[in-house]
Number of protein chains: 2
Amino acid sequence: MSSVTKTLALLAYFSPSRPEIGLSQLCRLAKRDKATTYRHLQALEDAGFIEQNATTKLYRLGPALLQLAQVRELTVPQKVGAEAALAALSDATGETAHVTVLSGSTVYPLASHESQLHGTRAIMDVQTFPLHATASGLCALAFGPDTLFDIAVSKMESYTANTVTTPVELRKIVARIADTGFGYANRSYEDEIQGVSAPIFDQSGQYAGAVSVACVATRFTPELEQIIKQKLVAASRDITRSWGGVLPSSIEASWTRSLSHPHTLENAS
Amino acid sequence: MSSVTKTLALLAYFSPSRPEIGLSQLCRLAKRDKATTYRHLQALEDAGFIEQNATTKLYRLGPALLQLAQVRELTVPQKVGAEAALAALSDATGETAHVTVLSGSTVYPLASHESQLHGTRAIMDVQTFPLHATASGLCALAFGPDTLFDIAVSKMESYTANTVTTPVELRKIVARIADTGFGYANRSYEDEIQGVSAPIFDQSGQYAGAVSVACVATRFTPELEQIIKQKLVAASRDITRSWGGVLPSSIEASWTRSLSHPHTLENAS
DNA sequence: TTTATCGGTTCGTATTTTGAACCGTTGTTT
DNA sequence: AAACAACGGTTCAAAATACGAACCGATAAA
């Protein structure tokens, strides 16, 4: 592991719920040596990726990130291109909706929207979505590059009693998702949360990300599932078009098939 | 220079006008070895800071930046807290207005607004503002930590015929800014652009950043200067309050003084 | 066929990174 | 007030890693 990777990994410890971190605390969190961590923080500070509160000595994320993010979104306007569809999806289903993107072999959150609050909410505390345990991640496995499967297998951490734990089971679930056109995760990442996803594709027909609905499991009836799936299809078409992408006809066919022959996700898992 | 610093410096080559860069081109831009640069890019890609266009092999900024920027803005809501005042300033003066923040010893752009287009514009292509040649940078020298001066002196690159080139001159300009309460830069960074700034302070009374108006030099009359200064004071008060800061009374006194005894910036330089 | 450029890889050298121990300060406990 | 603990930050010899010249295969122009 390069020193660059180790240094950048420190940034992931900052979150809305833990926005400021001291040197010693960060060492404990990252299980790193203090001298090393200090030097890493210096490098990040030099680059403007973090800054230090002069009075408390705590570190927090820095202003250079805003600038780079602005360039990214100006170059690849995914977020702004997904927000309208996301709001519509969330409002129509009454549940939280979010969009994720696949970059390399990692699934990142892009935007989320909660119907209750009726406002675009900050990105969740989740930094990256595990491939094997979330609806978005499973979508990536089913519709993204085949090389992802081995990577997912090598990181099969268990989050709940329902997290899939064997490569064989995972293969079965992925096959089912590739067949139906919808990713699903039944309490496999967070207890009592059930997720359903639809894939999004880019201009070259490659898998780009997923749009998902995360639903409190007790509210998840077959009727709601049917509504969610219909709205997910609309959202996926909308976002894919907005990103300049094209939906493979096989996906459209899968959706038509699974929407006309509904069967709940309860059977699976 | 650590490998981390070298790696992060690569990100600065991405901009709205050059959003995608190939390996060889980046090596030329950064004057680095190909193998080294490739490894650095790998590390950045692993962290999601860049991603590679699968078909063209060009690299571009990655989605992890959006997420970190979101956490930063959620933690330190500077951008959202400055936008209203910025729009008002730009509309009232008819010129481009922007806000910068000081982090460590670097001045970063935060947001900008152009009156002509009547919309919040993307951050300028400028990555960081030189301390000695911009109104924002000079504000930081005049009102920020004293240690900045030596750093500025060690980086006195010349951008135009008007760029200040000697520490003695710089010291004089900084003293004048500290006295008047307004930063100014008369065609010292970009030809034909004249900048005026007012400082912004944080909750502990420390210098936090500056709000500025960038004006085409030919349009810069004493009358416009007076209007700009008045509106800058209002914007600085507004943004400082929005950031939870307090303006030192000495600054308010300077403003009162220099607004009641107007003298154009032409005399200086 | 030759030549140039591209993205990416190899491997021995040597520079950089590393972490145990240490320092001075601050705030709490005895 | 003495002892203690935790904090941010620093030192230096030992060791891991970063480095870059040379190389590879592919692609595209001459």
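Proteins come first, then strands; the chains are lettered A, B, ... in the order of their sequence lines, and each starts at number 1.
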Q: Would you indicate what B:R32 reaches in the nucleic acid, counting non-hydrogen atoms under 4.0 angstrom: base, sugar-phosphate, or nothing?
A: nothing
Q: Calculate the interatomic distance between B:L8 atom CG and D:dA18 atom P; express it in whole Å.
A: 14 Å
Q) Which nucleotide sits closest to the side chain of B:A35: D:dA21, D:dG8, C:dG19? A) D:dA21
(Q) Under the side chain to side chain contact (heavy atoms under 4.5 Å, CB included) test against A:S212, which residue among A:S112, A:C139, A:S136 passes? (A) A:S136
Pairwise N/O distances under 3.5 Å, protein to nucleotides 26-30 of chain D:
none

Q) With the threshold set at 4.0 Å, does a side-chain nitrogen-carboxylate oxygen contact exist between B:E20 and B:K57? A) no
Q. With a 6.0 Å cut-off on ring centres, are A:Y189 and A:H132 close enough?
A. no
(Q) Can you give me the dot-bracket string for DNA chain D, 5' to 3', counting Watson-Crick and G-U wobble pairs with both distances under 3.5 Å, using [ ] for crossing pairs and | for partners on another strand? (A) ||||||||||||||||||||||||||||||
Q: Establish, with yes or no, whether the OP1 or OP2 oxygen of C:dC6 is under 4.0 angstrom from a side-chain nitrogen or oxygen of B:R28.
A: yes
(Q) Given C:dT9, C:dT17, D:dG9, identify the nucleotide with an atom nearest to the side chain of B:S3. (A) C:dT17
Q.
Measuring from the side chain of A:K6 (C-beta onward, heavy atoms only), which nucleotide among C:dT18, D:dG20, C:dC6 has the closest atom?
A. C:dT18
Q: Check whether NZ of the Lys or CZ of the Arg A:R18 lies under 6.0 Å from the centre of the six-membered ring of A:Y13 and within 45 degrees of that ring's axis.
A: no
Q: Name the residue closer to the 5' end of DNA chain C, choosing between A:H40 and B:G22 according to the nucleotide with the nearest heavy atom.
A: B:G22
Q. Which sits closer to the 5' end of DNA chain C, A:S2 or B:Q42, going by the nucleotide each is nearest to?
A. B:Q42
Q) Rounded to whole angstrom units, what separation is found between the CE atom of B:M1 and the C1' atom of C:dT17? A) 17 Å
Q: Determine, for B:F14 and B:R60, whether the Lys NZ or Arg CZ falls below 6.0 Å from the six-membered ring centre while staying within 45 degrees of the axis.
A: no
Q.
How many whole angstroms separate atom CG of B:L58 from atom P of C:dG8?
A. 10 Å
Q | B:D179 vs B:S254, side chain to side chain contact (heavy atoms under 4.5 Å, CB included): CA-CA, chis, key distance, verdict | A | CA-CA 6 Å; B:D179 178 53; B:S254 299; 5.8 Å; no
Q. If only side-chain N and O atoms of B:T36 are considered, is one of them under 4.0 Å from the OP1 or OP2 phosphate oxygen of D:dA18?
A. no
Q.
Donor-acceptor pair, distance only, cut-off 3.5 Å: does the side chain of A:S242 make one with the backbone of A:D238?
A. no
Q: Look at the side chain of B:K34 against the base of C:dG7 and say whether a donor-acceptor pair falls under 3.5 Å; ignore hydrogens and angles.
A: yes
Q. Rounded to whole angstrom units, what separation is found between the NZ atom of A:K57 and the C1' atom of C:dG24?
A. 13 Å
Q) Counting side-chain heavy atoms from C-beta on, which of C:dC6, D:dG8, D:dG20 comes nearest to B:S24? A) C:dC6
Q) Any donor and acceptor pair, going by atom type alone, linking the side chain of B:E73 with main-chain N or O of A:L66 inside 3.5 Å? A) no
Q. When we call it a touch if two heavy atoms are under 4.0 Å apart, what does A:Q25 touch: a base, just sugar-phosphate, or nothing?
A. nothing
Q.
In whole Å, I'd like the distance from the CZ atom of A:R39 to the P atom of D:dT17.
A. 13 Å
Q: I would like to know whether A:V4 and B:L8 meet side chain to side chain contact (heavy atoms under 4.5 Å, CB included); could you show each step before the answer?
A: CA-CA 9 Å; A:V4 177; B:L8 294 181; 5.7 Å; no
Q.
Measuring from the side chain of B:Y38 (C-beta onward, heavy atoms only), which nucleotide among D:dT10, C:dT9, D:dC7 has the closest atom?
A. C:dT9
Q) Taking CG from A:D33 and P from D:dT10, how many angstroms apart are they, rounded to a whole number? A) 14 Å
Q) When the distance from CG of B:L23 to C1' of D:dG20 is rounded to whole Å, what number comes out? A) 13 Å
Q | Heavy-atom side-chain contact between B:L26 and B:L10 under 4.5 Å | A | yes
**Q.** Integer-rounded Å distance: D:dG8 P and A:E45 CD
**A.** 13 Å
